[in-house]
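Below is one structure; the comments refer to it alone.
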Amino acid sequence: MPNLILSEEFREIAFLRFEENERFDSDKLNDCFDKIKKDPWKFVIADFGLSSEVSDETIKEIIEFSRVFSAKYFGKLCFVVRNEEALKKINFAYNDGFLKNFRNTHDAINYFYWDSCKEREVLRVKMPSNIGLVPSMRTCVNDFFALNGIEGKAAFQIEMIIDELCNNAIEHGTQDERKTVEVLCSINEEQVEINVYNGYSPRAAKKRSGHETGKNMEKWAELPNRTENDFRGRGLGLVKTFSDNFEINSSSDGTWVHVIKKR
Amino acid sequence: MQTQIEILTSQAEGIADGIIVKVKGDIDSTTATYFSDEIFGILNNDEKINIIVDLQDLRYVNSTGLGAFLNITKSVRLKNGVFAICNVNDNISDVIDIIGATAALNIYKDVKEALAALKKK
């Protein structure tokens with residue numbers, strides 16, 4: 001039976017918890033929905049956890065409820081589904097419409113508070129200049145943006161931006177592990193902002209002459225002639241293509257790349 | 001902490017010196033060399049010159065990985081073989097198009113289509 005739980009700690013959130021291999025019970029489900037509509041809960045977390053058996057009828061009822069809940073009660077519903085087969089089933093039923101899924105209730109609650117407050121979320125990660133660590137950086141940034149509602153093609157493009165910029169910072173900057181590469185990301189409802197530094201010093205950029213600074217570095221980002229012999233040098237071109245604003249700054253100490261991608 | 005990549009091979013039925021390579025994971029700057037080495041091993045040691053790479057389980061590829069695809073395509077062509085890729089997801093397909101590599105690579109919808117095309121050659 002689905003259990004409707006209102007936490008004392010998170011008063012604006014209702015948890016709709018489904019047990020493993022739960023049988024569909026329309027009456028019980030509708031009782032839960034009626035209670036949610038009557039009380040001022042604005043955020044419902046449909047928690048299927050690790051359950052693999054999710055009935056089509058249950059999914060259908062939840063989809064219908066989420067649409068009414070959003071349109072008439074200005075509420076939001078998200079899922080916590082960790083089983084891949086169940087997630088695929090729910091995703092298919094939503095037919096690429098609205099669906100937010102999180103791996104645990106903690107992430108879902110964080111999303112609710114971020115969405116409510118509309119504040120800018122910031123992630124700052126620093127790693128040794130080691131190419132083997134770039135995949136971990138990508139995962140970290142992916143998770144941050146997924147938590148903040150970035151998914152699908154946008155998520156892929158942002159992952160590529162991070163990956164290409166970090167790779168460049170290490171390959172063309174320094175491969176000394178005593179040096180670091182720093183990634184600073186922020187997101188609000190309008191845009192995503194990404195900064196990648198590999199030792200760039202604004203003070204060094206201003207003081208020393210003879211070093212290129214500012215936007216004239218963007219020539220590095222032009223895609224090379226499109227022949228199969230040009231195997232390299234395409235990374236920054238991809239970054240620029242996926243960005244709405246792209247800027248490279250260089251000092252004697254390193255490089256700073258700044259990207260904005262509108263949502 | 002590199003990403004994981006898994007490569008599985010199977011015989012390409014009806015294709016002389018043919019092989020199907022299934023890739024799972026990410027081809028990025030930490031795995032592109034391993035991927036290339038595996039393919040060149042198939043090409044040079046096993047002497048399979050008609051190679052179909054099934055990318056259905058390829059989640060992500062970056063410019064380094066795509067460079068590997070182009071490099072392999074050229075090397076296989078020099079041996080009068082074909083390097084084909086198939087089951088490319090939409091995101092990766094977009095990237096291939098952006099870098100202008102669509103014409104340079106032999107891209108097919110799925111393994112069946114790739115096999116049919118190679119059988120005709």
Side-chain angles (χ1 to χ4, degrees), chain A residues 84 96 125 127-142 146 150-172 175 177 181 220-243, chain B residues 1-6 24-36 39-40 55-78 81-85 88-107:
Chain A
E84 285 300 319
D96 293 326
V125 185
M127 68 175 194
S129 189
N130 177 341
I131 207 93
L133 296 175
V134 175
S136 299
M137 170 71 82
R138 285 210 323 264
T139 301
C140 181
V141 174
N142 282 353
I150 299 290
E151 51 200 9
K153 192 180 283 283
F156 180 88
Q157 291 177 355
I158 288 169
E159 179 173 2
M160 183 157 274
I161 288 171
I162 296 289
D163 188 33
E164 298 289 355
L165 292 182
C166 287
N167 286 333
N168 270 284
I170 295 167
E171 287 177 11
H172 302 296
Q175 299 195 43
E177 282 200 29
V181 171
W220 289 356
E222 297 301 320
L223 281 166
N225 292 331
R226 294 181 177 185
T227 68
E228 65 176 72
N229 293 319
D230 295 319
F231 300 144
R232 295 188 61 84
R234 298 171 190 268
L236 282 183
L238 286 166
V239 171
K240 191 178 179 187
T241 302
F242 291 149
S243 308
Chain B
M1 279 182 274
Q2 297 181 354
T3 48
Q4 296 298 313
I5 183 174
E6 196 178 319
K24 185 176 180 180
D26 298 353
I27 301 180
D28 58 22
S29 300
T30 65
T31 55
T33 302
Y34 170 72
F35 172 77
S36 287
I39 300 297
F40 280 116
L55 301 180
Q56 186 168 31
D57 293 328
L58 183 69
R59 190 196 66 88
Y60 172 84
V61 65
N62 70 357
S63 61
T64 305
L66 292 173
F69 285 171
L70 289 164
N71 191 29
I72 293 166
T73 299
K74 184 182 175 185
S75 297
V76 171
R77 191 180 300 149
L78 288 172
V82 175
F83 178 76
I85 61 174
V88 184
N89 72 39
D90 289 345
N91 289 328
I92 294 173
S93 186
D94 282 348
V95 174
I96 291 173
D97 193 48
I98 287 166
I99 66 170
T102 304
L105 295 171
N106 302 301
I107 305 174

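All chains are named by letter (A, B, ...) in the order of the sequence lines, taking the proteins before the strands, and each is independently numbered beginning at 1. Predicted model, so just to flag it, every value in this text is computed and none were measured. Values reported hereafter were calculated over all heavy atoms of this structure, with side chains retained and with hydrogens, waters and symmetry mates removed.
- Listed here is the closest heavy atom pair of B/Asn91 and A/Gly152: ND2-O, 4.4 Å.
- Between A/Met160 and B/Asn62, the shortest heavy-atom distance links the atoms CE-CA, 3.7 Å.
- For the atom pair A/Phe156 CZ and B/Asn89 CG, the distance stands at 6.5 Å (nearest 0.5 Å).
- Neither the backbone nor the side chain of A/Gln157 comes within less than 4.5 Å of any heavy atom of chain B.
- In this structure, A/Asp163 and B/Asp28 have side chains that are in contact, with non-hydrogen atoms separated by less than 4.5 Å.
- When all heavy atoms of A/Gly132 and B/Thr30 are compared, the closest pair comes out as CA-CG2, 3.9 Å.
- Considering all non-hydrogen atoms of both residues, A/Lys153 and B/Asp90 come closest at NZ-O, 4.5 Å.
- Contact of B/Val61 with chain A is made through the backbone alone, with heavy-atom distances under 4.5 Å.
- Looking at heavy atoms from C-beta onward, A/Phe242 lies out of side-chain contact with B/Asp94 at the 4.5 angstrom threshold.
- Taking OG of B/Ser63 as the reference point, atom CG of A/Asn167 lies at 7.0 Å (rounded to 0.5 Å).
- B/Ile92 touches chain A through backbone and side chain together, each having a heavy atom under 4.5 Å away.
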